[in-house]
Amino acid sequence: MFESLTDRLAQVFQRLRGKGLLTQADVEQGLREIREVLLSADVHHEVVRELLGRVRERAVGEKLVESLSPAQQLLLIVREEMTRIMGGEARKPRLSGRPAVVVLVGPAGGGKTTTAGKLGQYLRKRGRRPLLVSADPERPAAAEQLAILAEKIEVPFASADQDPLSQLPQILARAKKEVVDVVIVDTPGTPPGVPPPAFLSQLLPSITPGDVLLVLDAMVGQEAIRLGQAFRPLGLTGIILTKLDGDARGGAALSLPSRLGLPIIFVGVGERPEDLEPFEPGRMADRILGLGDLSGLVEKLKEVGVAERAEKILREEEFTLEDFLAQLEAVRRAGPLSQLLSRLPGLSRPEESEVEQEFKKMKAIIQSMTVEERRHPHIIGASRKRRIARGSGTTVQDVNRLLAEYEQAKKLLRELKRGKIRGGKFPFPR
Ligand code: GDP
Ligand code: MG
């Protein structure tokens, strides 16, 4: 996600960091470079202008914080303004009705049907009882695609394809009596340049949705703005931006909220039902700027059940090598490890097999330790290190590296606990 944008921005800040003290001319030069990077990432020119205008104003006017270098200061300002331009605060889906109704609309191929399934899965995992409804009177195959998804994620499905206008209100009335508390409605899309299906403007008022979400493909870049405009008369309340996993540039994520005046509520990051994430502007800015994504990592750990453990560890201020191993193992189970590791600041994206090998090595090292050593790693001196290395078929350097990584994880947990990582006080890359 955003590889090319992130890499190029990192280069700009790298150059600035080399300078120590920033003159007005350095700042101007830096802003010019950022501007170029953003434009080539397909960010809308108005958005670039507004963003950099604010950054310039602040970079010149604000008093420097002493603990930060000027380059870090500028990075912090860019991060904050990027967050603001993407909507500032995260906006939660509106799910308060009984049943709550969420309608997905948007151009063909944007990912509506897939997202309906993802949303069903997302809500079910959070204790809601969703129902997926297909409302596509044109294509019988549409209902089938959604029905298959529904079955896969074990969420009930209903079709309103025959006559959505009369069927949907009936389905909602029935849902009210049953256990369903959220109804997710999938609708047909139209090709670019063709207005949305006419029946939608009649349908929407009759079912009073909490959210009418515009589903757009991030890979089309700022073209998404024009595609989205066509759907505005439907009374949109937010955006779901899909295919971010394949988007190296980030133009759509940065441009859409301010250009369409709508918050992004979720992003799609893959084709599987679990590949949906709530959109948090600050976190997205961190990712774009290569500052890692620690809060996202913690959330992911929560999903795979490490959170309880992590919280316990945080409460007790104790984090042993056994915990470290359990955490590594859980992260590995959570899916592509490299995907998770890429969220940590300072870590590059290693190849999957390398990661696997590294994991096996770490595991072997920890398993070669005595219980005492795992629980009290500080007792591991030179001779113990040699024994552990021999026992695990590794080297003393490997053992040292593992211990260093363990220390780093421990430090990270401590910082998370103190809440230092949220809210802008992000540890900056060196
Ligand atoms: P619809 O026409 O708007 O209903 O679009 P579909 O839900 O049928 O999706 C079109 C294609 O995009 C399908 O092949 C999906 O698997 C794919 N797709 C949807 N969301 C994502 C995503 O977040 N990432 C990736 N890589 N593919 C996606
Ligand atoms: Mg569809």
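Just follow the structure's listing: the first ligand is 1, and inside any ligand the first atom is 1. Heavy-atom basis, side chains included; hydrogens, waters and symmetry copies ignored.
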Salt bridge or not between Glu277 and Arg287? Use side-chain N to carboxylate O under 4.0 Å. yes

Per-atom contacts, ligand 1 versus Gly268 - under 4.0 Å to a heavy atom: 23 (O)

Say whether Asp186, considering both its backbone and side-chain N or O atoms, lies within less than 3.5 Å of an N or O atom on ligand 1. no

Is it true that, when you exclude Arg35 itself, more than 12 heavy atoms of the residues, nucleotides or ligands shown sit nearer than 6.0 Å to its CZ? no

If you measure from each heavy atom of Val269 to ligand 1, is any distance below 4.0 Å? yes

Does this structure show an ion pair linking Asp275 with Lys118, if we count only N-O contacts that are shorter than 4.0 Å? no

Glu151 CD: over 12 foreign heavy atoms closer than 6.0 Å: no

Quick one: does Asp275 get a heavy atom under 4.0 Å from ligand 1? no

Report yes if Gly111 has an N/O atom closer than 3.5 Å to an N/O atom of ligand 1; otherwise report no. yes

Assess whether a salt bridge exists between Arg401 and Asp398, defined as any Lys/Arg side-chain N lying under 4.0 Å from an Asp/Glu carboxylate O. yes

Per-atom filter on ligand 1: closer than 4.0 angstrom to a heavy atom of Gly110 are 3 (O), 5 (O)

Polar contacts were defined as any N/O atom of the residue lying under 3.5 Å from an N/O atom of the ligand; does this apply to Gly109 and ligand 1? yes

Between the main-chain N or O of Val37 and the side-chain N or O of Ser40, is there a donor-acceptor pair closer than 3.5 Å? yes

Gap between atom CZ of Arg91 and atom CD1 of Ile264 - 0.5 Å precision: 12.0 Å

Shortest protein heavy-atom distance from atom 20 (N) of ligand 1, along with the residue and atom involved: Lys118 NZ, 3.7 Å

Taking atom 26 (N) of ligand 1 as the reference point, the nearest protein heavy atom with its distance: Asp245 OD2, 2.7 Å

As a check for students: among Glu271, Lys243, Glu277, identify the option with a heavy atom nearest to atom 11 (C) of ligand 1. Lys243

Taking both backbone and side-chain atoms into account, decide whether Gln145 has an N/O/S atom under 2.8 Å from the Mg ion (ligand 2). no

Contact between Gly189 and ligand 1, counting heavy atoms under 4.0 Å? no

Please state which option from Arg272, Gln145, Lys112, Arg139 has its nearest heavy atom closest to atom 8 (O) of ligand 1. Gln145

Hey, is CZ on Arg49 packed in by over 12 heavy atoms from elsewhere, all under 6.0 Å? no

Check the surroundings of atom CD in Gln229: do more than 12 heavy atoms from other residues, nucleotides or ligands lie under 6.0 Å from it? yes

Taking the non-hydrogen atoms of Gly270, is any one of them nearer than 4.0 angstrom to ligand 1? yes

Considering only protein heavy atoms, which is closest to atom 6 (P) of ligand 1, and at what distance to one decimal place? Thr114 OG1, 3.4 Å

Just by modelled atom types, is the Ile153 backbone N or O under 3.5 Å from a matching donor or acceptor in the Arg124 side chain? yes

